[in-house]
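Side chains included, hydrogens not; waters and symmetry mates left out as well; all remaining heavy atoms used. Throughout, protein chains are lettered first and strands after them, A, B, ... in sequence-line order, and every chain is numbered starting at 1.
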Number of protein chains: 2
Amino acid sequence: MPGMTDGTPGDHDTPPSPEGPPGGSVVFLLSRLGFDASRRFHAVLANVGLDPRQFGVLNVIALNEGKSQQALAEPLRIPPSRMVAIVDELEDRKLVERRRNPDDRRAYALYLTPTGKTVLGDARRLAMDNEREFTAPLEQGDREQLLGLLRRLAAEQDLPIGVHPGLVAPY
Amino acid sequence: MPGMTDGTPGDHDTPPSPEGPPGGSVVFLLSRLGFDASRRFHAVLANVGLDPRQFGVLNVIALNEGKSQQALAEPLRIPPSRMVAIVDELEDRKLVERRRNPDDRRAYALYLTPTGKTVLGDARRLAMDNEREFTAPLEQGDREQLLGLLRRLAAEQDLPIGVHPGLVAPY
DNA sequence: TATTGTTATACTCTATAACTATA
DNA sequence: TATAGTTATAGAGTATAACAATA
């Protein structure tokens with residue numbers, strides 16, 4: 001994970017609201033919570049040996065079995081050269097299979113192995129559990145309201161699919 | 001900025017909701033919007049030649065003039081060795097002044113210069129404008145509701161002050 | 001002996017561009 | 001000539017640990 005310091009909890013200072021201030025800013029809170037949500041998600045996926053980017057790739061393969069590496073990389077906005085290493089690792093771990101495409105021997109066709117499907121299922125379950133825990137401070141109605149508000153903001157943005165860029169595992 | 005691809009807008013695919021799915025997940029939307037908010041904030045601050053981390057440092061200095069480098073770095077969770085380069089740059093640009101502390105000649109005492117105060121003011125104004133634009137899709141009532149929901153989630157987390165870690169400019 | 005600030009170093013992640021094999 | 005996949009390389013950003021001056 002990119003600018004991730006490490007797992008240390010740290011102290012519990014209450015943010016001193018400097019003028020104009022963070023505590024009252026949607027942009028600020030979103031940045032903070034987004035970063036934190038990413039970090040937690042990263043930690044949760046580690047339980048099945050995946051990072052968010054690999055999770056994104058597995059998901060996209062599951063929805064588009066047989067497609068080529070680059071065709072799958074595109075919607076995730078992962079550059080071709082990066083995709084190589086990602087698929088290498090998933091293949092080494094027997095989660096994904098590269099089959100030669102007889103019609104175009106330059107391209108591969110990617111498939112999930114049975115193990116890959118199992119791991120993806122586990123990861124999705126973990127993601128759902130995490131969602132529940134993260135939103136635990138909110139009651140069901142509040143959660144849906146939040147979801148609606150976030151969707152309205154997201155609709156204005158230009159967002160890639162799968163997993164978000166920063167998140168996508170680095171730091 | 002870390003995993004930041006670059007400023008290219010890109011296409012406008014609607015995320016295909018894969019099972020269990022992103023479009024309906026608070027964690028996912030927060031990660032995405034948080035990353036996006038960070039990127040925008042980064043771009044906005046560039047107009048006054050600052051990045052989010054420098055902005056955070058200027059803010060903390062403004063609130064604690066005369067404190068030492070490390071004392072100021074701590075609440076921002078910036079390691080001492082990183083703080084050096086940050087203050088170096090702010091000092092080169094005459095936004096911050098390092099004065100020797102006669103009582104303890106190991107430590108510096110940091111102060112904003114008049115230019116530093118001006119730039120900080122400009123940056124705060126830009127941040128407020130950005131806040132308004134970012135939340136433009138929401139009416140006032142909705143915006144406050146969102147703020148309340150985000151605060152409730154944030155209250156459960158362990159958050160450093162100033163600027164968020166990922167954001168803090170890098171990558 | 002401990003602490004402030006600094007420097008040196010090594011590591012991780014990344015994109016770019018050059019290369020190969022097919023088409 | 002163009003495209004899928006690969007490899008090599010160089011850059012940005014980081015934390016760690018060793019260091020000097022002062023306490």
- Query: Checking only heavy atoms, does the side chain of Ser81(A) share a donor-acceptor pair with the base of dT16(C) at less than 3.5 Å?
  - Reply: yes
Give each protein N/O atom lying under 3.5 Å from an N/O atom of nucleotides 20-23 of chain D, with the pair distance.
residue	atom	partner	partner atom	Å
dT22(D)	OP1	Arg105(B)	NH2	3.2
dA23(D)	OP1	Arg105(B)	N	2.6

- Query: Phosphate oxygens OP1/OP2 of dT4(C): is one of them under 4.0 Å from a side-chain N or O of Arg100(B)?
  - Reply: no
- Query: Would you call Glu65(B)-Arg99(B) a salt bridge at under 4.0 Å N-O?
  - Reply: no
- Query: Quick one: Asp88(A) CG to dA8(D) C1', roughly how many Å, whole number?
  - Reply: 15 Å
- Message: Could you tell me how far apart His42(B) (NE2) and dG13(D) (C1') are, to the nearest whole angstrom?
- Response: 12 Å
- Between the base of dG5(C) and the side chain of Gln70(B), is there any donor-acceptor pair under 3.5 Å? yes
- Note on the structure: Taken to the nearest whole Å, CG/Leu72(B) to C1'/dT4(C) is 13 Å
- Message: Applying a 4.0 Å non-hydrogen cut-off, can you work out what Arg98(A) is touching in the nucleic acid: base, sugar-phosphate, or nothing?
- Response: sugar-phosphate
- Send over the distance from Gln69(B) CD to dT3(C) P, rounded to a whole Å. 17 Å
- Task: For the pair Thr135(B) (side chain) and Leu138(B) (backbone), establish whether a donor and an acceptor sit closer than 3.5 Å, ignoring hydrogens and angles.
- Result: no
- Task: Specify the closest pair of heavy atoms between Ala123(A) and Val48(A), including all atoms of both residues, with the distance to one decimal.
- Result: CB-CG2, 4.1 Å
- Message: Does either side chain, that of Gln140(A) or that of Glu144(A), offer a donor lying less than 3.5 Å from an acceptor on the other one?
- Response: yes
- Pro79(B) side chain, from C-beta outward: closest of dG5(C), dG5(D), dA15(D): dA15(D)
- May I have the distance from Met83(B) (atom CE) to dA15(D) (atom C1'), rounded to whole angstrom? 17 Å
- To the nearest angstrom, how far is Ile78(A) atom CD1 from dG5(D) atom C1'? 15 Å
- Message: By nearest atom, which of the nucleotides dT14(C), dA15(D), dT16(C) is closest to the Arg82(A) side chain?
- Response: dT14(C)
- Specify the separation, in whole Å, of atom CG of Leu110(B) and atom P of dT4(C). 13 Å
- Hey, does the side chain of Tyr108(A) come within less than 4.0 Å of dT3(D)'s phosphate (OP1/OP2), counting only N and O? no
- Message: Show the nearest heavy-atom pair for residues Phe41(B) and Val27(A), with the distance to one decimal.
- Response: CB-CG1, 4.5 Å
- Query: Ile86(A) CD1 to dC13(C) P: how many Å, rounded?
  - Reply: 12 Å
- Answer with yes or no whether the hydrophobic clustering places Ile86(B) together with Val84(B); edges join I, L, V, M, F, W, Y residues whose side-chain heavy atoms lie under 4.5 Å apart. no
- Query: Reckon Pro80(A) touches a base, only the sugar-phosphate, or nothing at all at heavy-atom distances under 4.0 Å?
  - Reply: base
- Item | Residue pair Arg100(B) / Tyr108(B), side-chain donor-acceptor N/O under 3.5 Å | yes
